[in-house]
There are 2 protein chains.
Amino acid sequence: MWALSTSGGGASYHHGDLRRGLIAAGQDLLRSGGVEAVSFREAARLAGVSHNAPYRHFPSREALLAALATEGFLALHRALDRAAGEARPPDRLTALGRAYLRFAEGDRATFRLMFGGTLDRAAHPDLAEASAAAFGTLRGAVAEREPSASAHRDALRAWALVHGLAHLVADRQIEAAQAEACLV
Amino acid sequence: MWALSTSGGGASYHHGDLRRGLIAAGQDLLRSGGVEAVSFREAARLAGVSHNAPYRHFPSREALLAALATEGFLALHRALDRAAGEARPPDRLTALGRAYLRFAEGDRATFRLMFGGTLDRAAHPDLAEASAAAFGTLRGAVAEREPSASAHRDALRAWALVHGLAHLVADRQIEAAQAEACLV
DNA sequence: GCCGGATGTTGACAATGCCCACATGCTCCG
DNA sequence: CGGAGCATGTGGGCATTGTCAACATCCGGC
């Protein structure tokens with residue numbers, strides 16, 4: 001048992017791929033109980049190891065949270081890229097916005113962790129890189145549609161609009177359908 | 001000593017106005033160390049009471065956090081009202097947006113607590129009321145400028161834009177000046 | 001003047017993050 | 001082939017926290 005295929009960058013370990021297991025456990029906890037519920041010891045329990053094993057893979061609880069957020073940015077990036085590939089230029093920006101909103105709606109806890117400001121990006125390079133990569137796709141789509149001199153400001157505005165809608169949806173202040181109606 | 005003037009709704013108590021003192025202590029902790037740093041016991045320490053005294057005023061730590069968020073919405077509401085009063089209709093909406101951004105920038109920790117999604121509005125009526133009141137001012141200003149049939153959607157869009165900018169500023173992803181430039 | 005309830009205190013318990021010393025089992029080098 | 005070295009996992013322990021229960025104190029109304 002435990003013949004996990006390490007389908008990623010992680011090394012292969014003693015008892016399977018514990019790092020991956022802890023991230024999976026953390027995602028479960030995050031989605032079911034929010035950031036507060038992500039506990040080092042509980043993640044260890046779910047992964048079937050002792051309460052101290054996680055320290056061999058994450059230097060602190062915050063590092064685990066950063067890994068979860070990084071995972072989130074990777075997923076968002078994939079979703080944005082997919083949406084960009086399926087739409088032609090005129091509608092592309094709207095499609096990206098919709099994908100952004102769908103992501104926030106589909107995994108509210110992760111979205112809030114990603115943008116909750118709890119995590120210090122400077123202290124977690126992987127996180128900074130993953131988030132910059134995701135926004136690169138968005139910025140590219142804006143520049144493509146609006147190649148004016150004020151492209152930067154327009155990109156920012158588009159980003160902020162979508163981001164604000166996503167937060168409002170994640171916080172259940174508005175309905176997802178209302179948010180999508182604002183994208184036109 | 002401890003002759004605090006209870007300048008609000010709180011009753012007057014045994015050792016002064018502990019509820020107010022705990023909120024003040026909580027604000028200090030919040031601003032200096034983020035939500036995670038707001039500890040029941042530390043707030044009690046700052047207020048000079050035993051570790052269990054807070055339970056006579058807040059049923060749980062989350063209730064204290066809710067009170068801090070409520071206080072934040074009251075402050076935001078005041079700021080928005082003041083900005084609305086100082087500007088005439090054409091510029092009023094922009095002025096409101098600026099006030100919103102200034103608030104988020106000036107007290108990032110409180111802003112994140114208010115919109116972090118950690119707090120269940122349904123469980124804290126005061127919080128729900130205070131947040132609804134603050135948004136009432138914003139919505140009113142939008143409707144005033146854009147009395148079209150799609151006023152609701154426009155209000156939502158304006159709110160989302162400002163809200164997204166505020167989040168990006170609070171998370172230090174963009175500069176406050178960049179955000180203000182997007183308000184026009 | 002005293003009595004009840006609101007307010008504050010002390011003590012305790014489980015859970016958590018993190019540190020230390022120790023055990024285990026790959027892996028690689030001779 | 002065998003043992004050394006090191007990455008990985010374990011167990012115990014400590015300080016802190018949120019919360020509960022029992023007890024103390026102090027105010028206002030009878």
Side-chain angles (χ1 to χ4, degrees), chain A residues 1-4 6 8-26 28-30 32-68 113 118-120 123-124, chain B residues 1-4 6 8-26 28-30 32-68 113 118-120 123-124:
Chain A
M1 62 166 81
W2 281 123
L4 289 182
T6 59
S12 102
Y13 301 132
H14 209 178
H15 267 50
D17 190 343
L18 183 53
R19 183 184 163 92
R20 188 61 57 184
L22 288 171
I23 288 182
D28 284 356
L29 291 172
L30 179 60
S32 63
V35 189
E36 321 252 327
V38 180
S39 140
F40 238 50
R41 289 169 105 111
E42 185 63 25
R45 239 165 262 140
L46 287 181
V49 293
S50 87
H51 70 266
N52 253 332
Y55 281 92
R56 303 294 155 180
H57 301 271
F58 302 98
S60 69
R61 170 180 183 261
E62 191 187 297
L64 173 59
L65 294 180
L68 294 177
L113 176 62
T118 311
L119 274 39
D120 179 15
H124 305 280
Chain B
M1 62 167 81
W2 281 123
L4 290 181
T6 60
S12 103
Y13 302 131
H14 211 178
H15 267 50
D17 190 344
L18 184 53
R19 183 185 163 91
R20 188 59 58 184
L22 289 170
I23 288 181
D28 284 356
L29 293 171
L30 180 60
S32 63
V35 189
E36 320 253 327
V38 180
S39 140
F40 236 50
R41 289 172 105 112
E42 185 64 24
R45 241 165 262 143
L46 288 181
V49 293
S50 86
H51 71 265
N52 250 333
Y55 281 91
R56 303 295 153 180
H57 301 272
F58 302 97
S60 69
R61 171 180 182 261
E62 191 186 297
L64 172 58
L65 293 179
L68 295 177
L113 175 62
T118 311
L119 274 40
D120 180 14
H124 305 280

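All chains are named by letter (A, B, ...) in the order of the sequence lines, taking the proteins before the strands, and each is independently numbered beginning at 1.
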Engineer: Take atom CZ of B/F58 and atom P of C/dG8, then tell me their distance rounded to the nearest Å.
Structural biologist: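 Between P of C/dG8 and CZ of B/F58: 12 Å.
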Engineer: Run the side-chain contact (heavy atoms from CB on, under 4.5 Å) check on B/R56 and B/L18 step by step: do they pass?
Structural biologist: CA-CA 9 Å; B/R56 303 295 153 180; B/L18 184 53; over 6 Å; no
Engineer: Just the rounded figure in Å: distance from P of D/dA7 to CG of A/D17.
Structural biologist: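 Interatomic distance, CG of A/D17 to P of D/dA7: 17 Å.
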Engineer: What are the two closest heavy atoms between A/H124 and A/E62, and how far apart are they?
Structural biologist: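 Closest approach of A/H124 to A/E62, heavy atoms only: NE2-OE2, 3.1 Å.
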Engineer: Suppose we screen for side chain to side chain donor-acceptor pair (under 3.5 Å). Which residues come up paired with B/H51, at least two apart in sequence or across chains?
Structural biologist: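 If we apply the side chain to side chain donor-acceptor pair (under 3.5 Å) test to B/H51, skipping adjacent residues, there are no hits.
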Engineer: Write down the distance between CZ (A/R56) and P (D/dG11), rounded to a whole number of angstrom.
Structural biologist: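 Taking CZ of A/R56 and P of D/dG11, I get 13 Å after rounding.
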Engineer: Just wondering, do A/V35 and A/T118 contact through their side chains at under 4.5 Å, heavy atoms?
Structural biologist: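 Not in contact.
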Engineer: What protein N or O atoms touch nucleotides 4-6 of chain D N or O atoms at under 3.5 angstrom, if any, and at what distances?
Structural biologist:
none

Engineer: Restricting to salt bridge (charged side-chain N to carboxylate O under 4.0 Å, His left out), what partner residues turn up for B/R41, sequence neighbours left out?
Structural biologist: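 Not a single residue meets the salt bridge (charged side-chain N to carboxylate O under 4.0 Å, His left out) criterion with B/R41.
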Engineer: With sequence neighbours excluded, tell me which residues meet ring pair (Phe, Tyr, Trp, His ring centres under 6.0 Å) with A/F40.
Structural biologist: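 With sequence neighbours excluded, A/F40 shows a ring pair (Phe, Tyr, Trp, His ring centres under 6.0 Å) to A/Y55, given in chain and number order.
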Engineer: Under the side-chain contact (heavy atoms from CB on, under 4.5 Å) criterion, do A/L30 and A/L65 qualify, and how do the steps go?
Structural biologist: CA-CA 9 Å; A/L30 179 60; A/L65 294 180; 5.8 Å; no
Engineer: Could you state the CG-P distance from A/L46 to C/dA15, rounded to the nearest angstrom?
Structural biologist: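 Rounded to whole Å, this separation is 15 Å.
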Engineer: Where along nucleotides 13-20 of chain D does protein come under 4.0 Å, by heavy atom, of base (B) or sugar-phosphate alone (S), with - for untouched nucleotides?
Structural biologist: B---BBBB
Engineer: Does D/dA7 have OP1 or OP2 under 4.0 Å away from a side-chain N or O of A/H57?
Structural biologist: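 False: A/H57 side-chain N/O out of range (4.0 Å or more) of D/dA7 OP1/OP2.
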Engineer: Applying side chain to side chain contact (heavy atoms under 4.5 Å, CB included), name anything that partners A/D120, two or more places apart in sequence or on another chain.
Structural biologist: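 A/D120: side chain to side chain contact (heavy atoms under 4.5 Å, CB included) contacts with A/A122, A/A123.
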